[in-house]
Amino acid sequence: MSAPSPTILNLPDQSTAQLPRRNFINAEHGLLSWLFTSDHKRIAILYLISITFFFFIGGAFAGLIRLELLTPQPDLVSSDTYNKFFTMHGIIMIFLFLVPSVPATLGNFLIPMMIGARDLAFPKINLLSWYLYVIGGTLTLTALVLGGVDTGWTFTAPLSTHYLNTHVITTASAIFVAGFSSIFTGLNFIVTIHRMRCPGMTWFRMPLFVWAHYAASILMVLGTPVVAIALVLVILERLVGIGVFDPTKGGDPLLFQHLFWFYSHPAVYIMILPGMGVISEVVSTFSRKRIFGYTAVAFSSVAIALFGFFVWEHHMFIMGVSNYSALIFSLLTMLVAVPSAIKIFNWCFTLQQGSITFETPMLYAFGFMGLFTIGGLTGVFLGSLGMDIQLTETYFIVAHFHFVMVGGMLMAFLAGVHFWWPKMTGRMYPESLSKLAAVVTFIGFILTFMPQFVLGYLGMPRRYHAYPPEFQVLNVLSTAGATILGIGYLMPMIYLAWSLKYGAIAGDNPWQATGLEWQTQSPPLTENFIEIPIMDHEAYDYDWLEHKTADEVTHVG
Amino acid sequence: MDSAIATTQAEHGIAEQQHEHVSVPQHRHHFATPEQQREAGSFGMWLFLLTEIMFFGGLFFAYLLFRNWYYDAFVTASNQLSVPLGAANTAILITSGFFMALAVWAAEVRKQTLLVLFLILTTLLGFAFLGIKADEYHEKYEKHHIPGASFDTSQFINPAAYGLSEKPLAPDAAQKTQLFFFLYFAMTGMHALHMVLGLGILFWLMIRAQRGDFSSGYVAPIENFGLYWHFVDIVWIFLFPLLYLINRHPLAH
Amino acid sequence: MGISPVLWQFLVKWLNASALFPREASTIAPYMDSLYFFLIAITLVGVFLVAALLVTFSIRYRKAVHPVATQVEGSTLLEATWTIIPLGLFLICFVWGALLYFRIYTPPANSSNIYIVGKQWMWKAEHPGGQHEINALHVPVGQPIQLTLISQDVFHSFSIPEFRIKREVIPGRYSTVWFEATTPGQYHLFCTQYCGTDHSAMIGTITALSPADYKKWTEQSTSGMSLAQNGERIFASMGCNACHTGNAAARGPNLAGVYGSRLRLTNGSDVLVNEAYLRDAILNPSQHVTSGYTPIMPTYQGQISEDGLIDLVEYLKNLISNDRVQQTLTTSQSGQAAPQASGVVKP
């Protein structure tokens with residue numbers, strides 16, 4: 001028994017440790033072996049590289065936006081250019097980063113391993129998903145290079161159909177294609193989870209990460225086709241001009257809103273649920289405890305997915321919808337907020353009676369819990385009809401969704417990347433540097449987005465290139481925060497890349513975690529397991545882990 | 001008790017011997033058993049069809065909305081569609097679906113010649129459907145009923161001049177017929193696109209069936225494609241009454 | 001509100017002074033702000049609770065002092081607690097918000113109407129008396145004002161943060177919102193729905209004036225013709241008076257007094273004749289045929305601008321008798337010179 005240290009990190013003896021001789025990374029060599037792989041883990045790495053690439057492009061646009069907003073005057077770029085900045089920022093961050101982030105990288109990598117399978121149900125479709133993503137991303141970059149698009153990420157008709165001459169069709173096609181990437185990923189996950197669980201892996205023995213992805217996959221599969229058809233209609237309207245959204249021809253501009261938001265609201269749950277799955281894993285591991293209220297957390301994921309389909313009109317409360325429909329959707333919005341609250345409290349109470357350590361993934365998880373609470377509760381502001389009148393279409397909305405998406409989802413993504421980095425690469429990242437990055441990110445985030453809540457109530461509209469001078473101080477604070485936030489995001493890029501060559505060898509299970517993925521080598525074999533495991537214990541069973549470790553014969557790696 | 005997971009290299013060889021070797025060449029090794037593979041494939045196809053329902057659903061929703069708002073214009077426009085041709089297409093597609101079902105049966109009882117025959121019949125009828133559709137589209141083109149710059153509403157404003165016994169529409173209502181035709185082309189066009197893709201897959205399946213790929217118990221691609229083809233059939237069965245039969249009375253025409 | 005007015009004043013003034021909070025300049029603003037403070041309060045309680053749990057548990061159960069975790073499956077009681085209490089709080093927010101929403105979007109009966117037309121990238125305000133403003137709106141204090149809004153092109157949104165009102169401005173249909181200004185002064189007007197290049201330039205100034213000042217302003221700013229008078233001119237020049245003569249045998253229904261009445265249409269439905277109905281009937285007449293008449297009215301889609309439609313609607317709202325209709329008809333149909341007697345036809 002060693003003296004109690006403030007970390008549970010358990011690395012093998014570095015003087016003798018080596019990466020496993022055979023693993024999924026060195027199983028085959030050459031670029032083509034990666035580009036034509038059917039290994040879910042390689043596809044996950046392909047996704048990780050691509051979404052990081054798009055993240056930094058989207059982030060660059062964010063930087064340009066905040067730079068322009070330092071001064072009240074529209075003095076950095078022209079209005080059309082500024083409109084393109086926020087449009088591209090939104091499209092890239094939502095469709096090319098957030099939607100695929102956790103599912104396509106961590107989900108792809110881990111779900112088969114977590115349920116004891118050798119791969120997803122349809123590995124070739126998984127690869128197709130990645131290619132569709134790349135095509136969608138390339139089309140987006142094409143639109144960008146050709147001059148950009150300035151519809152806003154929401155493509156509101158009739159602006160996008162009749163009043164702009166930018167590259168709307170290219171971009172709409174890009175998102176259409178990327179949407180199918182998402183649909184196929186979700187389809188793959190659902191079939192895998194239903195049909196490929198190893199013997200003994202009942203639904204309620206699965207890690208909550210898997211439950212979260214299952215719920216998100218339902219949303220991906222059922223919601224994305226509707227935005228696909230909405231975009232098809234926008235494209236057709238631009239090409240042919242038949243008037244389905246044009247009131248002078250008998251069409252209805254609100255029809256587009258309904259079709260668009262029918263997907264785009266579930267989309268936000270597609271984005272956040274996998275992140276919540278990550279948090280469950282991290283909180284459990286770093287408090288050495290089964291998640292408090294496992295069943296409640298599992299069911300709340302599915303509840304969020306189901307309720308999430310019935311609240312889309314809350315994006316349209318002031319758009320002349322019937323007052324009575326607004327009542328129904330406001331009520332449902334309040335209901336959908338409850339499962340998220342349940343999860344937060346369950347995670348908090350997982351800490352109780354635990355044995356808590358504060359490694360980087362846990363720091364990001366704490367950041368998530370605090371920031372998502374704020375972001376989620378500000379959602380209640382917006383779901384409350386009368387309050388929405390003052391707050392909608394202002395910077396309050398911008399602050400709200402950045403709190404849940406960046407303060408929530410992006411932190412969860414970073415938590416997950418750090419948590420599973422040793423599993424995916426076999427190497428540890430430098431802990432003190434990563435802790436610093438987490439803290440810098442947290443501080444930068446608060447400074448960037450807290451002032452925006454105030455700006456919103458003061459009335460500053462969103463998507464504004466210029467603003468009244470009295471809003472400048474708050475905007476300057478926000479831009480200052482954005483600079484710090486940017487540093488916080490650059491740091492992991494640098495030290496994670498560094499760790500690939502110089503990081504400590506991680507070993508099978510550096511965090512002493514309970515999931516099936518941690519019971520094999522790091523990086524894993526291409527086939528994941530030499531023999532399909534038999535699940536004979538509950539999820540998060542730390543007693544089982546303790547006995548297993550005690551019984552295990554130590555061997556040379 | 002054995003450890004839940006074998007981790008050493010030494011145990012690897014023993015594990016492989018214990019692992020049953022499956023005989024079907026199409027067996028994908030990430031599946032534990034062929035049954036698992038077949039069930040997964042079938043489940044995947046059902047899920048995909050669910051996404052297709054959501055996809056078409058958006059168009060159906062738009063159609064229902066505008067039909068509700070502009071009933072008269074939709075009725076008049078719908079009367080432009082040929083019920084005999086549409087009914088023929090319905091019969092053709094249902095028969096095509098019947099042959100596809102027979103193809104699935106033939107694959108299951110491993111009758112290769114019959115399987116190929118039924119696939120061919122399915123394909124031929126599919127082409128017949130598309131041929132009639134092309135003819136209908138061409139007729140719309142000639143009458144200037146394709147939405148866009150060349151759309152002409154004069155036939156709806158003054159049907160008597162064209163020898164039609166329709167109720168004339170006021171000019172503003174006549175404008176709304178363009179919405180009907182847009183939805184007609186969008187919905188039947190999207191349907192036809194799915195049929196074209198299906199026909200492409202049918203060719204490939206025919207080639208594989210001829211090679212004998214499906215004559216030894218491996219029927220999943222035929223079964224799953226059958227699901228897809230039946231789905232395409234069902235979409236048409238919804239489209240036909242909605243688009244062609246809006247106000248047709250059972251006895252009069 | 002449940003807190004003392006003195007405390008409220010202090011809170012609001014302090015927040016205004018620190019530029020964190022907009023002025024309360026309408027009757028609805030205190031209601032909006034009190035809901036806002038309630039929501040902030042429950043957010044602070046929620047965040048502090050979560051933070052307190054995280055911090056307390058982290059300290060109490062950190063590995064150094066609690067090396068061995070005790071497995072706890074869960075607690076149905078706790079689950080019920082943190083399901084029911086948040087749900088209860090959120091439902092309070094729902095009810096309160098719903099009441100406020102209905103209040104803001106249900107204008108009182110005595111409100112006076114001003115039309116707003118939004119187009120890329122400016123606001124046009126049209127007072128019934130004929131005063132036209134661009135990117136500005138003058139209103140009297142202490143009088144409920146209803147805005148009837150429409151867009152000429154894309155979605156816009158009319159927002160006056162200091163009045164706590166906002167409404168989407170939609171192409172193809174009217175939307176309405178109302179407010180009652182309490183304090184004379186100048187307030188921001190913003191377009192809050194992204195509408196293209198100069199979205200952030202589509203701003204203006206709302207000027208609230210005391211009733212006396214407002215009266216002076218209306219007298220000074222009129223262009224001479226009220227909206228209704230302009231509407232009458234359009235009614236005649238577009239030939240509406242040819243069918244809507246007001247005679248019993250006329251081809252079109254009598255429009256005098258039709259505004260506010262219930263009308264039976266040929267398709268059997270009953271409609272309330274309001275601004276939206278009148279506008280729609282001009283643009284899509286075949287769907288709004290009064291029972292007993294044939295659908296022969298041509299559509300004016302594309303021939304009359306939104307401003308013109310507003311003029312016509314105002315004209316019809318104020319139309320009580322058909323005398324002037326028939327007089328203009330006589331004039332426009334006859335080949336004679338205009339009558340010598342004054343007051344018969346206004347240019």
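Naming convention: chains lettered A, B, ... in sequence-line order (proteins, then strands); numbering from 1 in each chain. Note that the coordinates shown come from a computational prediction; the quantities given were computed from them, not determined experimentally.
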C/Phe48 atom CZ, neighbour heavy-atom count above 12 within 6.0 Å: no
side-chain hydrogen bond (donor to acceptor under 3.5 Å, both in side chains) assessment of C/Glu79 paired with A/Asn346: CA-CA 8 Å; C/Glu79 300 289 349; A/Asn346 274 300; 3.1 Å; yes
A/Ser384 (side chain) donor-acceptor with C/Cys93 (main chain) under 3.5 angstrom: yes
Closest non-hydrogen atom pair between A/Leu351 and C/Ser58, with its separation: CD1-OG, 4.4 Å
Best-contacting candidate, C/Phe21, C/Tyr36, C/Phe94, C/Phe190, against chain A by heavy atom pairs under 4.5 angstrom: C/Tyr36
Side-chain donor-acceptor contact under 3.5 Å, A/Thr248 with C/Gln301: no
Heavy-atom proximity to chain A below 4.5 Å, by part of C/Ser159: neither
Residue A/Ile389 versus chain C: region with a heavy atom under 4.5 Å: both
C/Gln71 side-chain N/O to A/Arg290 backbone N/O, donor-acceptor pair under 3.5 Å: yes
Closest-packed option against chain C by number of heavy-atom pairs under 4.5 Å, given A/Thr81, A/Asp388, A/Thr392: A/Thr392
Among the listed options C/Val65, C/Thr197, C/Asn284, C/Leu53, the residue most often paired with chain A at heavy-atom distances under 4.5 Å: C/Thr197
Pairing residues for A/Pro451 by the side chain to side chain contact (heavy atoms under 4.5 Å, CB included) criterion, not counting sequence neighbours: A/Leu474, A/Leu477
Short side-chain to backbone donor-acceptor contact, A/Lys289 and C/Ala69, under 3.5 Å: no
Sub-4.5 Å side-chain heavy-atom contact between C/Ser200 and A/Tyr82: no
Residues A/Phe345, C/Leu78; criterion side-chain contact (heavy atoms from CB on, under 4.5 Å); working and verdict: CA-CA 9 Å; A/Phe345 286 118; C/Leu78 276 176; over 6 Å; no
Contact class of A/Ala157 relative to chain C, heavy atoms under 4.5 angstrom: backbone
Contacting region of A/Thr7 [heavy-atom separation from chain C under 4.5 Å]: backbone
Beyond-backbone contact of A/Val380 with C/Leu39, side-chain heavy atoms, under 4.5 angstrom: yes
Part of residues 370-377 of chain A lying next to chain C, heavy-atom separation under 4.5 Å: A/Thr373, A/Ile374, A/Leu377
Ring geometry between A/Phe317 and C/Tyr101 (parallel below 30°, tilted from 30 to 60°, perpendicular above 60°): perpendicular
Student check: side-chain heavy atoms of A/Gln352 and C/Arg60 closer than 4.5 Å: no
When C/Ile42, C/Thr176, C/Ile28, C/Asp33 are compared by non-hydrogen pairs under 4.5 Å with chain A, the top option: C/Asp33
Whether C/His199 and A/Tyr464 hold their rings parallel, tilted or perpendicular, with breakpoints at 30° and 60°: perpendicular
Contact origin within A/Thr350 toward chain C - heavy atom pairs under 4.5 Å: neither
Shortest non-hydrogen separation from A/Met369 to C/Leu54 and the atoms involved: CE-CD2, 3.8 Å
Top of C/Leu100, C/Asp153, C/Ile40, C/Thr56 for chain A proximity - count of heavy-atom pairs under 4.5 angstrom: C/Asp153
Evaluation steps, ring-ring contact (aromatic ring centres under 6.0 Å, His included), between A/Tyr324 and C/Phe102: CA-CA 10 Å; A/Tyr324 299 104; C/Phe102 273 82; 5.8 Å; yes
Check against side-chain contact (heavy atoms from CB on, under 4.5 Å), A/Phe292 and C/Ser75: CA-CA 8 Å; A/Phe292 189 93; C/Ser75 155; 3.7 Å; yes
Test side-chain contact (heavy atoms from CB on, under 4.5 Å) applied to A/Thr151 and C/Tyr194, step by step: CA-CA 8 Å; A/Thr151 56; C/Tyr194 174 62; 5.5 Å; no
Whether over 12 other heavy atoms sit under 6.0 Å from A/Gln73 CD: yes
Short side-chain to backbone donor-acceptor contact, C/His66 and A/Gly354, under 3.5 Å: yes
For chain C, the option from A/Thr357, A/Thr154, A/Asp246, A/Leu327 that forms the most heavy-atom pairs under 4.5 Å: A/Leu327
For C/Pro171 against A/Pro247, the heavy-atom pair lying closest together: O-CG, 3.4 Å
Selection from A/Met387, A/Glu470, A/Arg463 maximising heavy-atom pairs under 4.5 Å formed with chain C: A/Met387
Interface residue of largest heavy-atom contact number with chain C, from A/Pro74, A/Ser78, A/Gly251, A/Ser79, under 4.5 Å: A/Ser79
A/Phe358, part contacting chain C, at a heavy-atom distance under 4.5 Å: side chain
Salt-bridge criterion met for A/Asp252 and C/Arg173 (N-O under 4.0 Å): yes
Pairs of heavy atoms under 4.5 Å with chain C: top-ranked of A/Arg462, A/Met362, A/Met319: A/Met319
Among the listed options A/Leu254, A/Thr394, A/Thr378, A/Ile291, the residue most often paired with chain C at heavy-atom distances under 4.5 Å: A/Leu254
Pick from C/Ser157, C/Ser175, C/Ala201 with the largest number of heavy-atom pairs that fall under 4.5 Å of chain A: C/Ser157
Which atoms of A/Tyr467 approach chain C - backbone, side chain, both or neither, heavy atom under 4.5 Å: neither
Closest-packed option against chain A by number of heavy-atom pairs under 4.5 Å, given C/Tyr174, C/Phe38, C/Phe163, C/Phe155: C/Phe155
C/Trp82-A/Phe349 aromatic ring centre distance below 6.0 Å: yes
Indicate every side-chain donor-acceptor pair of residues 330-338 of chain A with a distance under 3.5 Å to a residue at least two apart or in another chain.
unit_1	atom_1	unit_2	atom_2	d
A/Ser330	OG	A/Gly383	O	2.7
A/Thr333	OG1	A/His314	ND1	3.0
A/Thr333	OG1	A/Phe329	O	2.6

Beyond-backbone contact of A/Ser355 with C/Val68, side-chain heavy atoms, under 4.5 angstrom: no
C/Ile104 versus chain A, the contacting section by heavy-atom distance below 4.5 Å: side chain
Pairing residues for A/Phe403 by the ring-ring contact (aromatic ring centres under 6.0 Å, His included) criterion, not counting sequence neighbours: A/Phe445, A/Phe453
